[in-house]
There are 2 protein chains.
Amino acid sequence: MTEEIELSMDCKAEAVLEILAGKWKRVILEQLFSNGTMRFSELRRAIPDITKKMLTSQLRELEYHDIVSRQVHLDVPPKVEYSVTEYAHRLIPLLEGLNRWGTEHIEHLKEIYGEEYAAKSPARPRRPDRAATGE
Amino acid sequence: MTEEIELSMDCKAEAVLEILAGKWKRVILEQLFSNGTMRFSELRRAIPDITKKMLTSQLRELEYHDIVSRQVHLDVPPKVEYSVTEYAHRLIPLLEGLNRWGTEHIEHLKEIYGEEYAAKSPARPRRPDRAATGE
DNA sequence: CCGTATCCAAGTCGATACTG
DNA sequence: CAGTATCGACTTGGATACGG
């Protein structure tokens with residue numbers, strides 16, 4: 001029977017998911033949180049597989065959400081520095097919770113499927129139907 | 001200067017994001033958490049805009065992650081019931097945190113951009129560059 | 001009733017070339 | 001140095017139509 005949990009999530013969670021969802025957002029935040037202010041080129045070096053286009057767009061989205069701030073220095077050569085905002089620090093507990101849960105969840109999946117579980121949920125999971133002749 | 005936060009997120013968060021990321025996953029969980037066991041058709045009625053295909057696929061992914069369980073009753077007419085697993089309850093604090101953060105974040109965005117902020121971050125945010133003549 | 005198959009539109013991400 | 005523009009591959013979500 002139900003446990004009447006009443007989570008009442010009006011799906012405000014979407015707003016946060018949007019911040020964290022991009023493929024590179026979390027790595028970028030990791031860099032900025034642990035290294036402080038970084039230049040565009042430093043970020044590129046720290047995250048070798050990211051393209052300039054991706055780095056730019058993800059940074060712009062984070063900037064829009066007031067998570068990172070962008071300082072443009074008008075000199076030659078051009079120099080743009082990024083850092084996390086004060087506001088971004090409120091994200092930390094959530095990020096930690098997410099990472100803790102993620103780590104445990106991977107273990108949980110291993111217990112269920114063995115070491116060779118697929119990270120991405122398969123289209124047709126191989127779990128057998130549990131049948132019951134209820135009604 | 002840096003505050004040496006050392007979040008060390010090896011991006012295990014991805015595993016959780018995958019659970020929560022689908023367009024309908026959170027609404028489905030909301031339903032199952034507050035109503036307990038529900039039939040496929042009940043879920044469809046509770047979430048009018050979802051298609052059968054989407055409902056099926058999202059439920060299968062949640063099932064793969066051991067978040068919902070699927071009970072098939074082999075009688076006529078067919079009857080399939082879904083409910084959240086024991087394991088799923090561990091998600092609740094995270095979900096609550098996500099929702100609380102989301103709610104506050106929407107307020108934060110309103111303070112910055114006014115009531116008419118765009119939910120989705122625009123490609124080119126209209127925030128002016130903050131220039132500094134450093135170097 | 002509870003799905004699957006097929007097709008299609010939209011969005012995401014990467015590679016590459018060009019610019020202030 | 002720090003981007004923007006353009007294109008294409010791949011993925012996601014939606015609209016049907018059909019099957020057990």
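Residue numbers start from 1 in every chain, and the chains themselves are labelled A, B, ... in the order their sequence lines are given, proteins ahead of strands.
For C:dG3, one of the phosphate oxygens OP1 or OP2 lies less than 4.0 angstrom from a side-chain nitrogen or oxygen of B:Tyr82. For C:dC2, the OP1/OP2 oxygens have no side-chain nitrogen or oxygen of B:Thr56 closer than 4.0 Å. The phosphate of D:dG3 (OP1 or OP2) has no side-chain N or O of A:Arg39 nearer than 4.0 angstrom. Residue B:Arg60 places at least one side-chain N or O under 4.0 Å from the OP1 or OP2 atom of C:dG3. At D:dG3, one or more side-chain N or O atoms of A:Arg70 fall inside 4.0 Å of OP1 or OP2 (strictly under the cut-off).
Taken to the nearest 0.5 Å, the CZ atom of B:Arg100 stands 14.5 Å off from the NZ atom of A:Lys12. Here A:Glu115 contributes atom CD and A:Leu109 contributes atom CG; the two are 11.5 Å apart, rounded to the nearest 0.5 Å.
Considering only heavy atoms from C-beta on, B:Arg44 comes within 4.5 Å of B:Leu55 through its side chain. Side-chain contact between A:Tyr87 and B:His105 is present, with heavy atoms from C-beta onward closer than 4.5 Å.
Summarising the geometry, the separation between CZ on A:Arg45 and C1' on D:dA2 is reported as 13 Å, rounded to the nearest angstrom. Atom CD in A:Glu81 sits about 13 Å away from atom C1' in D:dC1, given to the nearest Å. Rounded to whole Å, atom P of D:dG20 lies 16 Å from atom CG of B:Leu74.
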* What do the steps show when you test B:Arg60 against B:Thr56 for side-chain contact (heavy atoms from CB on, under 4.5 Å), and what is the final call? -> CA-CA 6 Å; B:Arg60 290 288 143 87; B:Thr56 305; 4.1 Å; yes
* Please assess A:Tyr82 against A:Leu43 for the test side-chain contact (heavy atoms from CB on, under 4.5 Å), listing each intermediate value before the final yes or no. => CA-CA 9 Å; A:Tyr82 293 90; A:Leu43 281 165; 4.2 Å; yes
* Can you give one letter per nucleotide of nucleotides 6-18 of chain C, 5' to 3': B if a protein heavy atom sits under 4.0 Å from the base, S if only from the sugar-phosphate, - if neither? -> BB-----BBB--B
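Under the 4.0 Å criterion applied to side-chain N and carboxylate O atoms, B:Glu63 and B:Arg70 are not assigned as salt-bridge partners. Classification of B:Arg45 and B:Glu42 as a salt-bridged pair fails, no side-chain N sitting under 4.0 Å from a carboxylate O.
An end-to-end axis angle of 40° holds for the helix from C:dC1-D:dG20 to C:dG20-D:dC1, taken from five base pairs per end and rounded to 10°.
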